[in-house]
Amino acid sequence: MTEHQTKVLIIGSGAAGCTAAIYAARASLNPIMVHGLQPGGQLTITTDVENFPGFEHAVQGPWLMEQMEKQAAHVGTKIMHDTIMKVDLSKRPFTAVGESGDSYVAETLVIATGATARWLGMPTEKKFAGFGISACATCDGFFFKGKEVLVIGGGNSAVEEALYLTNHATKVTLIHRRDSLRAEKIGQQRLFAHPKISVIWDSVVEEFVGTENPNSLTGARLKNIKTGAVSDIKADGAFIAIGHTPNTELFKGVVTMDADGYIVTTPGSTKTNIAGVFAAGDVQDKIFRQAVTAAGTGCMAALEAERFLAGGH
């Protein structure tokens, strides 16, 4: 049981956490970055990344995160393979306790715990994840140029993903378990008016089907929940768009959040309602949710922490 002291504690090691670590280390703040449950964040479950600036050709998500972490370590970040289980933000310095039993005492805190895409939770979904099944149209839509895809969901994210996918796919079929969408009316109007999009109502995916060695999705088996009728639909890709869950359980009731559990930050800043606590990346961004925007807010958080420590708060 060791106590680690730092000027900047960063919880989370995705694009936001690593960027915050790089900037804080270069400011000689000797930051500590705690890995968390998913070291490297959501990019580690993304195969080809084509939209992160600086690479002519697609790079692998896990490789990109490995490079970010190595860069953070190289400039002086102490990286801990631990998961924070509880925090005390009632007074400064803040304290956090890891699963290891170690405690972390920090003058400032950067929350970069990210968000987790919600999945349907079926074995065939896991089997074809990355082999035709994705939870991010802006990340993976390009790979389905000229192909037919499914979108599962009925909220804003499902409508946005379906509309976005029409830029690439020849046909987009939205599958929704109810007989009406929850999405904003303007999005619904655009969706219904689009010639490439059709909707299958009152239906759920029973299972995804495809070929093996290599795994490749070929379609889905659908069940109409009103009639019980089962049907098969062909598709080259499927996008699960039932929302994201921000990883903010640790901070409930302490840090101000919106109705969906995302941390609220001051506009144009990463400041939370607690002085000296900053939030960066998908934990506070439910609009863009991209690696590059997460990295941008990670940079902001480190610069704001540096300013705060220098007495400029």
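Since the model is a prediction, treat every value here as computed from it, not as a measurement.
Here L89 contributes atom CG and N273 contributes atom CG; the two are 9.5 Å apart, rounded to the nearest 0.5 Å. One distance of note links CG of L191 with CD1 of I186; it measures 13.0 Å at 0.5 Å rounding. Atoms CG and CD1, from N156 and I287 in turn, are 11.0 Å apart once rounded to the nearest 0.5 Å. Here the straight-line distance linking atom CG of L309 with atom OG1 of T108 works out to 4.5 Å at 0.5 Å rounding. For the atom pair CD of Q284 and OG of S269, the computed distance is 9.0 Å after rounding to the nearest 0.5 Å. The distance from the OH atom of Y23 to the SG atom of C18 is 13.5 Å, given to the nearest 0.5 Å.
Although no hydrogens or angles enter the test, the distance criterion places no donor-acceptor pair under 3.5 Å between the side chain of D202 and the main chain of I225. Under the 3.5 Å distance criterion, the side-chain polar atoms of E107 are left unmatched by any main-chain donor or acceptor of R92. Within the 3.5 Å criterion, the main-chain N or O of S100 finds a donor-acceptor partner in the side chain of D82. Remark: side-chain polar atoms of E304 are paired, donor with acceptor, to backbone N or O of T270 under 3.5 angstrom.
Using a 4.0 Å cut-off between a side-chain N of Lys or Arg and a carboxylate O of Asp or Glu, E306 and K7 do not qualify as a salt bridge. Ion pair K286/D260 flagged as a salt bridge, since at least one NZ, NE, NH1 or NH2 atom sits closer than 4.0 Å to an Asp/Glu carboxylate oxygen. At a threshold of 4.0 Å, the pair R221-D232 counts as salt-bridged, since one of the basic side-chain nitrogens sits closer than that to a carboxylate oxygen. Taking a cutoff of 4.0 Å between a charged side-chain nitrogen and a carboxylate oxygen, E249 and K252 qualify as a salt bridge.
With a 4.5 Å cut-off on side-chain heavy atoms, K171 and K196 do not count as touching. Residues E50 and H57 have side chains not in contact (no heavy-atom distance under 4.5 Å, counting atoms from C-beta outward). With contacts defined as side-chain heavy-atom distances shorter than 4.5 Å, the pair F208/M122 qualifies. The shortest distance between side-chain heavy atoms of L165 and F144 does not fall below 4.5 Å.
Neither side chain, N247 nor T113, offers a donor N or O lying under 3.5 Å from an acceptor on the other. Using modelled atom types and a 3.5 Å distance limit, the side chains of Q67 and E69 yield no donor-acceptor pair. A donor-acceptor contact closer than 3.5 angstrom links the side chains of Q290 and T138.
Below 30°, between 30° and 60°, or above 60°: for Y104 and H4 the angle between ring planes is below 30°, a parallel geometry.
Looking at every heavy atom in both residues, V151 comes nearest to A241 through CG1-CB, 4.1 Å.
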